[in-house]
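Since the structure comes first, as C-alpha cells, the remarks are kept for the end.
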Amino acid sequence: MTSLFEHFKAMARLRAFDEACLDGFHKGEIHGELHTGIGQEAIAAGMIPSLEAGDALVSTHRNHMHGLAKGVDAHALMAEIFHRETGLCRGRGGHMHPFDLGQNFSATGIVGASLPVALGYAYAFWMEGRANVGIGITGDGGANAGAFHECLNIAGAWKLPFVVVVENNAYAISVPIRHVLATPTIAERAAAYGAPGWRVDGTDPEAVAEAFARAMEHARAGRGPAIVEATCQRFQGHYEGDHDSYRSRDEKRRMKAEHDPLAITRRKLVAAGDATDLDAILAAAKAEMAGILERVRGEPRPDAADALRYRFAS
Amino acid sequence: MTSLFEHFKAMARLRAFDEACLDGFHKGEIHGELHTGIGQEAIAAGMIPSLEAGDALVSTHRNHMHGLAKGVDAHALMAEIFHRETGLCRGRGGHMHPFDLGQNFSATGIVGASLPVALGYAYAFWMEGRANVGIGITGDGGANAGAFHECLNIAGAWKLPFVVVVENNAYAISVPIRHVLATPTIAERAAAYGAPGWRVDGTDPEAVAEAFARAMEHARAGRGPAIVEATCQRFQGHYEGDHDSYRSRDEKRRMKAEHDPLAITRRKLVAAGDATDLDAILAAAKAEMAGILERVRGEPRPDAADALRYRFAS
Amino acid sequence: MATANIRNLNCSQVIAEAIGLEMERDPRILVLGEDVGRIGGVFGATRGLQERFGDKRVRDMPISEMAFTGMGVGLALAGYRPIIEIMFADFVGVCLEQVYNAMAKIPYMSGGTVRMPMVVKTAGGCIGSAAQHSQCLWGLFAHLPGMKVVVPGNPYDYKGLMASALTSDDPVVYIEHQSQMGKKATTFRAGAVVPAERYTVPIGQAAVVRSGRDLTIVTLSACVEHALEAAETLAGEGIDAEVIDLRGLVPLDMATVCASLARTSRLLVVDEDYVSFGLSGEIVARAVEELGPTALRQVARHANPDVPVPAAAALEQAVLPGPASIAAAARRMAARS
Amino acid sequence: MATANIRNLNCSQVIAEAIGLEMERDPRILVLGEDVGRIGGVFGATRGLQERFGDKRVRDMPISEMAFTGMGVGLALAGYRPIIEIMFADFVGVCLEQVYNAMAKIPYMSGGTVRMPMVVKTAGGCIGSAAQHSQCLWGLFAHLPGMKVVVPGNPYDYKGLMASALTSDDPVVYIEHQSQMGKKATTFRAGAVVPAERYTVPIGQAAVVRSGRDLTIVTLSACVEHALEAAETLAGEGIDAEVIDLRGLVPLDMATVCASLARTSRLLVVDEDYVSFGLSGEIVARAVEELGPTALRQVARHANPDVPVPAAAALEQAVLPGPASIAAAARRMAARS
Ligand SMILES: Cc1ncc(C[n+]2csc(CCOP(=O)(O)OP(=O)(O)O)c2C)c(N)n1
Ligand SMILES: Cc1ncc(C[n+]2csc(CCOP(=O)(O)OP(=O)(O)O)c2C)c(N)n1
Ligand SMILES: [Mg+2]
Ligand SMILES: [Mg+2]
C-alpha cells in the first residue's frame, strides 16, 4: 500500500506543476485558456498506485494531473501547455488536447466526450483478454451528459473493463451540481448499469486510493464497470480569468482552510509523528517544476510556415 | 375505471388502423417506409384513460397508435401516412413525422429524440403550474440513447411532470435488448433519477392502464418523472419489407399465439362471461378504418409545383 | 436617441439589453443554457436577466445539450419562444440532431402547420482556445435547410438582429463572435452607436459598411472590423476597397453583393470559417451564377485553410484572417489586375 | 479476372466483400454498428462478416452512437482500424461531436504524433423515407477539416474505395447511396464489373465516366448514373455531355474537373445534397479560381433547393435531381449558348 507520505509527495508535484503553469499564465506566456486542478490533487494522486502502464486514461479540460498520474512526462506536458515545438503535440493541441500514445493518455475539451474514447480502449482490452482498464475521467457536470449513460450501459452489458472517475467539485463552471442532479450522489447511478459505485472524500488520497483500487480490481477481474465519485473543491476559478462571483468570499475562504488536500494530509502526517521535512518535499516539487518551466521557456515555438502540416498522413 | 371491454374496443381500432395502412402499403400506395405497432396495441390503449387533452405526447417512428390514443384524427393521420394534401402535414411529413399542435402530439424518426421534446412540454407545464404532463415514448432500443439519461436527470432534479413510456418489444431492429442492456429491466434505472419505475406486461391493457395512471398521477402531483416499461412483441418486421431473419419461425409463431393482446383480452372477456359480440367490434373497427382508407384514396396528393412552400414563415 | 452617444456598452451588454427588451414585451420568450442565469453567461450576454425575469424564464441548465435543445423544440411547440444557448458553436456536435432534424425541419415537415420561433444562440470564432473552442461553423448551419443564420459583426447589429431573431416565426441560429463580447461599442469602426430603445435590424440584409471602387470585400462577424482596418491601410496605397457585411448567411443577400460587384468586378471573400464547402464558395458561386462568369475580373477567397485551429499563437495567426492578411490578399489582387 | 463477368453482386455485397478481404489481411480492422452483425447491416453491406470474424470484430451495438463513435476513436488510439457504421447519414446529429472534434482533429491536434485510421461508414441519399432519412450530408462532413470524404457511385468503386479507406492512415467518411445498395452490378452504366480479387481505387481521384465536348457534368454517388442516362438522351439531341464522377469531396480532384472544363467551358454541377453552402458551390468557386472567371462560358448547379426532403413522391421528385431533370438543366444551358 502506498503510504500517506508517498501520496503527499505525489500531490506536492501535481500542485507544483499547476502552480508553474499559473505562473506562466499570469506572465502572459500562455495563449488562450487554462484550467488547473489545484485543490483536487488527492484524486489523481490516489489513482497512481492502481494505474498500470497498459491501462488507458482519458481526461477532460482539467487534465494535467491525470496526465502526470498516468506517467506522461512533465516536461512534454508543460511544453505543450506553453505551445512549444518540444511539447507532446508540438504546440498544436494546447492544454485541453494532450495526446500521449505511449502512455495511453489523452484528453478532450468537450465535456462528456472523454468517456466514449476510454470505452474504446476498454473494448480493446476486453477483446484482447488483457487485464487492463480504460479509465474515463469526468467532472460532476459531465456526468449529466448523455455519453455517460451510453458508455456505462455498454460496459455494463458486456462487462467491459471500464472505470469512470467523477471529480465532483460541486460546480460546473457556475452551476452547482446539487441544482441539476436528480439524486444526492452520482455514484448511486451505478446500480442502473449493474455496476458498483463508491463516493469518497476526494481530498483524502488514501480514501481515493482505496476506492479506485477496488474499482480497478473489479474491472480487471472482468466483472465490468465501476464508478468512483470523489468530492473535492476547485480552488481557482473555472478557468484563469473567471470572476468566480458564483461562490461567496466565505465559501472560498473555508474551502481553502478546510478542504486543502495538501494541508489535510500534512496535518495527518504531523499528527502521526512523521519526522520527514514536509517543507523540503514541497520545495523540491516546486524546484522541479520551476526548472521544467525554465527549460520550456527556452524552447522554440512552432513556426507559422508549418501551420498546414500534420493534417493528413498522406 | 375503464372496463376491459373498452380497452378491447380501443385496441380493435388501433389494430384496424395499422392493418389498413398495411393494406395500402402492400398495394404500393405508400411511398417509402412503414412501421406498424401491430401486437403492441395494449400499450397505447392502456394510456388512453389517463391522457388529458392538455397533456403532450411525443412519439417515435412507430407512432400511429400513440397519435390515435392522444386524440389525433384518424383520417388526418392516415391521409398523412398516404401523403395526401388532406393529411395532418399536407403530405410533407409522412408517417414518421406527424405534427398535431391541437392535440399536443408529435413524433420523430430519430431514435431517442422524442424525449427531449416531451421534456420541453413538461417544462412548460411546470412553469405554468398546470397539472399536465409531457409524455415521451421510446422503444427499448431508444432507452440506450444518451438523451434518455439527460432528460430523466433534468426532470428528476426539478420534479418536472415527465413520464417516459418504454415500449419494450425485445428488439431494436435485429438487436435483442438483452444483449445490450446492463440491467435486467429498463424500469429499474428510474432510481438513478429519483423516480419510480414500473415494468408491466404490455399485452395486458389493464396492467398498462394501472401503471400509466400511477405514473401520470405522480407527475401531475408535482412529484417528478416516472418510467413505465411495458413488455410486448412486434408482430411485423421492424419495417415493412424487413426480412425478419433474426427471429426464428418458432419464435414468431409463439409470439402471435401467446402474446396477441387482442386475443388475450378476448379470452378474458369470454371467460368473464361478457356477452358482447366481439367479432362485431372487430368488424366495426375494420369497417371504420377501411372507410377512412377509401376516403384517403380519393384525396389529392401534393402538387410538385408546391415543393418549396412552407420552408419559412416569412 | 439622446442617450445613444454617451453609452459605451460592450457587445455582450448590448445583447443582454436586446433580450431584456424582448422579454419585457413578450412573456413567451425564455432562455435556457449553461451558466446563463446566475452569472449571466460565460460571455455575459444574458447578464441581469435572471434577476429581472426569474429563474424559470432564465434557467441554468446541466451539461445536457441534447436534452435542452430538444426542450427548446418542445417549448416552441407549446407556444413559447425559447432562446437556447449553446455556449460555444463547437459544442453543437453533441446536439445537432435537435437543431437540424427537429427545429429546422419541423416547419416544412409539418406542411406549414407548425412554426418554430426558436433561437439557438451561440458564440463562434477564435480567442485562442484551440481546435475545439474556436470554430465558426456558420457554414455548417447554413448548409442545413430550414433555419435562418444570423451573424452580427458590430454592436448596433448585435442588438437589432437579436430583436429580429426574437420576433421571427422561423428558427434562427444567432452566432456571436467570442472576441467581440467584451469589446466596447465605441471601439468599433461600424455600428458603434447603440440606441437604448428597442429597434430591429432586418434578417437577411447585408450592409455596405465602406464604399470603394476597386474591389469588393465580402465578409461578416469579426472580420468586418478587420476588413475595415485593412481598407484604411489599402486606401493609403491607392486601393479603394468596398466592404460588405453580410450580417448572416441565410437568407443570403446577394443583391447587395452583386450590386457592388457590378461596379468593382473584383471579389474578395473573407471568412474566418473553414474555406471549403462553406460560405466563401457559395458567395463565389452565386456571384458567378447571377452576374455571369465573364462579369467578374477577379475572384479570391481568404479563409481558414481547412485545418483545425492550432493552439500556438503563431500558427493560429497563420490560419485566420486578420487586418494584415486581408490587406495582403487585396494587394495580391491589385497587383494582378 | 476470369470470374469477373459472371459475378452479379449487388453493391452491398461488393462492400461486404471488400471489408472481408481487408479484415482477412489486417486483424486490426473491426466493425461496430447497429445491426451490422447478425443480419449484416440493414442494407446488407456487412453480411456474413460476423460469421467469419466473430462477434467481437463485428459487433451489434445498442442505439448509442455517441458512445460507439467515440469507441472508434479510442480503438484507433489503441492501435485498431475501426469501421463505425452510422446507419443513415441523417443520424450523425447525435454523434457529430466524436466525428469532427475527435476523429477528424486528433491527427492535427496531436502534431502528427497520432494517426486516426478510422472509417465512418454511412448511407446517404433518398429512397423515399422523407426528411430525416434521406439526406446526403457529404457537404457537411467535407466542410469540417481533417477527414477524407469518399462517395462511391458504382460497384467497382464501392469495393476499391473501401479497400483504400481501410488502408488509409487518415480518418475517412465513406458514404453509400441507399438506393444503390440493392442494385445489381450489371445494371450499372459505369463500373459494372467487379473483380473478385482485392484491388484499390485511390482516394481523391475523380473519373471521367463519359467523354463529351459540349459541357461538363460534375457529380457523384447515384447522380452519376442519372447523369449518364441523361447524357444518352442528350446525345440523341446533339448535345455531347462529359460526365465526371468525383468519387468523393476530400481531397477534391479539381485537376480532372478543370482539364475537362478547359475543353468544354461549360460547367453543370449535379448534387443530391442541399445546394447552398456545400459541394456545388465549392466546385464552381474552385473552377473559377483555378481557371480564371473568364475561362467559363456557362455555370449552373442542379441540386436539392434547400428544403428538407418531403415525404410525398411528387414533391420528392421535384427537389431531387434525376435523369430527366439533369437533361433539362443541360438543355437550358445549351439553349443559352
Ligand atoms: C459539451 C460541452 N458543453 C459545454 C462545455 C463548456 N464547459 C467547459 S467545462 C464546463 C463545466 C464542466 O463541469 P465539470 O464537468 O463539473 O468539470 P469541472 O470544470 O468542474 O472540473 C463547461 C460547461 C463544453 N466544453 N462541452
Ligand atoms: C439515432 C438513431 N439511430 C438509429 C436509427 C435507426 N433505427 C430506427 S428504429 C431503430 C430501432 C429502434 O428500436 P426501439 O427503440 O426498440 O423501437 P422499436 O422499433 O422496437 O419499436 C433503429 C436502430 C434511428 N432512427 N435513429
Ligand atoms: Mg465540476
Ligand atoms: Mg424495440
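Residue numbers start from 1 in every chain, and the chains themselves are labelled A, B, ... in the order their sequence lines are given, proteins ahead of strands.
For the pair B:His61 (side chain) and B:Val111 (backbone), a donor-acceptor distance under 3.5 Å is absent. Side-chain atoms of C:Ser164 do not come within 3.5 Å of backbone N or O of C:Thr200 as any donor-acceptor pair. For C:Arg25 (side chain) and C:Arg198 (main-chain N/O), no donor-acceptor pair under 3.5 Å exists by modelled atom type. Put simply, the side chain of C:Arg28 never gets that close to the backbone of C:Arg81: no donor and acceptor are under 3.5 Å apart.
With a 4.5 Å cut-off on non-hydrogen atoms, C:Ile203 does not touch chain B at all. Residue B:Leu119 touches chain C through both its backbone and its side chain, counting heavy-atom pairs closer than 4.5 Å. Neither the backbone nor the side chain of B:Ala56 comes within less than 4.5 Å of any heavy atom in chain C.
By number of non-hydrogen pairs under 4.5 angstrom with chain C, the leading residue of B:Met127, B:Glu80, B:Arg311 is B:Met127. Between chain C and the options B:Ala113, B:Gly112, B:Cys151, the largest number of non-hydrogen pairs under 4.5 Å is found for B:Ala113. With chain B as the partner, the residue from C:Lys56, C:Lys105, C:Met66 showing the most heavy-atom pairs under 4.5 Å is C:Lys56. When the candidates C:Ile106, C:Leu77, C:Asn101 are compared by the number of heavy-atom contacts under 4.5 Å with chain B, C:Leu77 comes out ahead. Ranked by non-hydrogen atom pairs under 4.5 Å with chain C, the options B:Ala157, B:Ala147, B:Gly120 are led by B:Gly120. For the set B:Ser106, B:Pro116, B:Gly87, the entry with the most heavy-atom pairs within less than 4.5 Å of chain C is B:Pro116. Per-residue heavy-atom pair counts under 4.5 Å with chain B were compared for C:Val94, C:Asp170, C:Ile63, C:Leu32, and the maximum is reached by C:Asp170.
Using cut-offs of 30° and 60° on the angle between ring planes, the pair B:Phe148 and B:Tyr193 is perpendicular.
For B:Glu294 and B:Arg297, the salt-bridge test passes: some basic side-chain N is under 4.0 Å from an acidic carboxylate O.
Residue-environment remark: CD (C:Glu51) stays at or below the threshold of 12 foreign heavy atoms within 6.0 Å.
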Audit row: B:Phe105, B:Tyr121, ring-ring contact (aromatic ring centres under 6.0 Å, His included) steps and yes/no: CA-CA 11 Å; B:Phe105 176 77; B:Tyr121 276 107; over 10 Å; no
Given side-chain contact (heavy atoms from CB on, under 4.5 Å), test C:Ile86 with C:Val99 step by step and report yes or no. CA-CA 11 Å; C:Ile86 306 297; C:Val99 173; 5.9 Å; no
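Of all residues in residues 113-122 of chain C, those placing a non-hydrogen atom less than 4.5 angstrom from a non-hydrogen atom of chain B are C:Thr113, C:Val114, C:Arg115.
Taking the six-membered ring where the residue is Trp, the centroids of C:Phe88 and C:Phe43 are separated by under 6.0 Å. Remark: aromatic rings of B:Tyr123 and B:Trp126 are close, center separation under 6.0 Å.
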